[in-house]
Protein chains: 2
Amino acid sequence: MVQQVSCNDCSLSSICLPMAVSSSQLGELEEIMERGRPLKKGEHLYRAGDNFVAVHAVRTGAVKTYALAEDGTEQVTGFYLPGEILGMEGINEECHHSSAKALDGATVCEIPFSRLEDLSQRIPTLQHHILSLMSKELCADRAMHLLLGKKSADDRLAAFLLALSARHQRRGLSASRFRLPMSRYDIANYLGLAVETVSRIFTRFQQQGILEVEGREVVIRDRDALSANGRIQVQSA
Amino acid sequence: MVQQVSCNDCSLSSICLPMAVSSSQLGELEEIMERGRPLKKGEHLYRAGDNFVAVHAVRTGAVKTYALAEDGTEQVTGFYLPGEILGMEGINEECHHSSAKALDGATVCEIPFSRLEDLSQRIPTLQHHILSLMSKELCADRAMHLLLGKKSADDRLAAFLLALSARHQRRGLSASRFRLPMSRYDIANYLGLAVETVSRIFTRFQQQGILEVEGREVVIRDRDALSANGRIQVQSA
DNA sequence: CGTAACCTTGAAGATTCTCAATAAGAGTGG
DNA sequence: CCACTCTTATTGAGAATCTTCAAGGTTACG
């Protein structure tokens with residue numbers, strides 16, 4: 001039932017793992033990964049506590065990762081779009097520390113980690129790419145730390161939308177018009193805000209002509225104004 | 001001027017990079033690293049924008065990392081204690097995305113990254129250890145995301161102190177009595193709070209008999225009460 | 001010993017949250 | 001295909017945590 005599409009035929013190959021290996025070595029990578037595993041909306045890719053055996057590349061759809069606080073409340077820790085790799089937080093301890101769940105439907109490629117490690121041992125560019133990927137996640141986490149620690153609700157939502165926009169563009173899609181794969185609840189949760197706050201800001205951004213919003217469809221009409229959130233914290237005196 | 005102390009003689013070897021290599025391979029690791037570089041209080045180890053050439057292991061003292069927002073305000077993103085490795089967020093892009101500065105005095109070992117990568121290519125356990133280290137940082141970042149997104153000021157400070165306590169214990173030091181290497185300002189900044197808030201909570205924790213605080217000296221008197229912050233968010237109905 | 005950085009405490013103010021109610025949408029089953 | 005329900009989204013008003021502003025006190029260090 002799993003579609004055995006070659007990485008070569010995948011539109012994401014240029015931004016996904018294959019970008020790190022030469023075409024002659026691609027076969028080795030393809031050999032270890034299981035491609036095209038389909039997930040229904042809400043289905044788990046893995047749960048916190050599961051044995052860590054593989055990292056995953058999103059092929060279609062979107063996936064969110066989340067952790068549960070001691071009191072059972074959920075904290076969304078990330079959203080993953082096509083071409084992006086998730087699950088690397090499990091390497092240490094060999095079990096997952098968060099859960100991953102499909103938003104809408106999704107398909108993912110599964111890459112057994114121990115075999116990926118072996119392969120990295122033989123392919124320096126692959127080793128470097130994996131370190132690089134993790135480093136990029138660290139950078140994103142630091143940016144998130146700043147966002148949550150210092151920025152207003154407006155700034156957080158603006159930054160979130162701009163980041164999504166950039167990730168769409170990376171895939172060759174429109175940077176100014178896209179569909180949010182996640183609910184307002186997930187956005188709010190991710191940004192450390194209440195749903196109501198997020199909803200109000202969407203409304204206000206629309207009134208200000210910064211966005212056009214219709215449900216989960218978003219059009220960025222004034223990118224500069226959106227970027228201004230967060231930049232002009234204090235008008236230089 | 002640089003002390004050439006062998007990793008073998010370093011009390012941190014069991015929790016630092018050497019733990020990932022066999023004693024026969026330790027020489028190779030020691031060969032590439034520069035040991036014991038001393039830093040004065042406030043001195044930078046690297047700055048955002050610097051070329052990324054090496055990761056650093058703290059040997060003595062403490063180091064903080066921080067990023068600057070567009071408006072120039074600082075966001076402290078981490079504190080690093082002896083035996084801990086910092087700087088890996090620079091791998092991607094080959095330049096540092098944050099700055100690192102010594103709190104009090106500190107000494108650090110510098111490990112040129114390209115040579116560490118080469119070495120990892122030949123020593124599987126080292127490769128795994130580095131991935132593991134980064135994975136651990138990712139986990140910590142996710143925990144931070146939860147802390148900043150969902151937890152009260154009390155919970156944040158409590159979690160911070162407990163984490164510090166655990167890191168002290170890991171080095172064989174007292175888990176209940178230690179000195180904070182950073183200022184209230186840095187703590188507040190790191191936790192996304194105002195200094196005044198942190199100061200007030202220290203005072204209150206002391207009044208409640210949870211802590212004894214005298215300047216930067218802290219004694220944890222009631223660990224359970226401290227852990228309770230964050231656990232008992234909602235008393236189960 | 002003086003200056004500067006750091007820390008504490010109080011009171012007012014603000015952003016964001018919670019509570020509450022309504023509306024819109026998606027999925028389900030008769 | 002429509003009624004029903006559950007989830008998702010929007011909007012308003014009051015409440016709360018935390019921040020900002022202000023001032024005094026303490027510690028560190030040249």
Q: Could you give the CZ-to-P distance, from B:F202 to C:dC7, as a whole number of Å?
A: 9 Å
Q: Taking atom C1' of C:dT15 as reference, at what distance in whole Å does atom CZ of A:R156 sit?
A: 10 Å
Q: CD1 of A:I201 versus C1' of C:dC17: gap in Å, rounded?
A: 12 Å
Q: Tell me what B:G192 touches on the nucleic acid: a base, only sugar-phosphate, or nothing, going by heavy atoms under 4.0 Å.
A: sugar-phosphate
Q: Counting only side-chain nitrogens and oxygens, does B:T203 get under 4.0 Å of the OP1 or OP2 atom of C:dT9?
A: yes
Q: Short question: side chain of B:R47, backbone of B:S98 - any donor-acceptor pair under 3.5 Å?
A: no
Q: If you count every heavy atom of other residues, nucleotides or ligands that lies below 6.0 Å from B:R171 atom CZ, does the total exceed 12?
A: yes
Q: Base, sugar-phosphate, or nothing for B:S199, non-hydrogen atoms under 4.0 angstrom?
A: base
Q: Give the rounded distance in Å between these two atoms: CD of B:E217 and P of C:dC6.
A: 18 Å
Q: Would you say A:S152 reaches C:dT15's phosphate, i.e. side-chain N/O to OP1/OP2 under 4.0 Å?
A: no
Q: Considering only heavy atoms of chain A and a distance under 4.0 Å, specify the first and last nucleotide of DNA chain D in 5' to 3' order that meet this criterion.
A: D:dT8 to D:dA13
Q: Between A:D104 (CG) and C:dG25 (P), how many Å, whole number?
A: 17 Å
Q: Donor-acceptor check, side chain of A:R156 to backbone of A:L191, threshold 3.5 angstrom: yes or no?
A: yes
Q: For the NZ atom of A:K136 and the CD atom of A:E84, what is their distance to the nearest 0.5 Å?
A: 8.5 Å
Q: Figure out the CD/P separation between A:E196 and C:dT18, and round it to whole Å.
A: 8 Å
Q: Sub-3.5 Å donor-acceptor pair from the side chain of A:S135 to the main-chain atoms of B:N92, do we have one?
A: yes
Q: Could you tell me whether A:R216 contacts a base, only the sugar-phosphate backbone, or nothing, with contacts defined as non-hydrogen atoms closer than 4.0 Å?
A: sugar-phosphate
Q: Taking atom C1' of C:dT16 as reference, at what distance in whole Å does atom NZ of A:K151 sit?
A: 18 Å
Q: Is it true that A:R142 and B:E137 have a side-chain N and a carboxylate O under 4.0 angstrom from each other?
A: yes
Q: Given that B:D154 and B:K41 both sit by DNA chain D, which one's nearest nucleotide is further toward the 5' end?
A: B:D154
Q: Think B:R200 has a side-chain N or O under 4.0 angstrom from the OP1 or OP2 of C:dC7?
A: no
Q: Would you kindly give the CZ-to-P distance between A:R184 and C:dA26, to the nearest whole Å?
A: 12 Å
Q: Should B:D155 and B:K150 count as an ion pair when the cut-off is N to O under 4.0 Å?
A: no
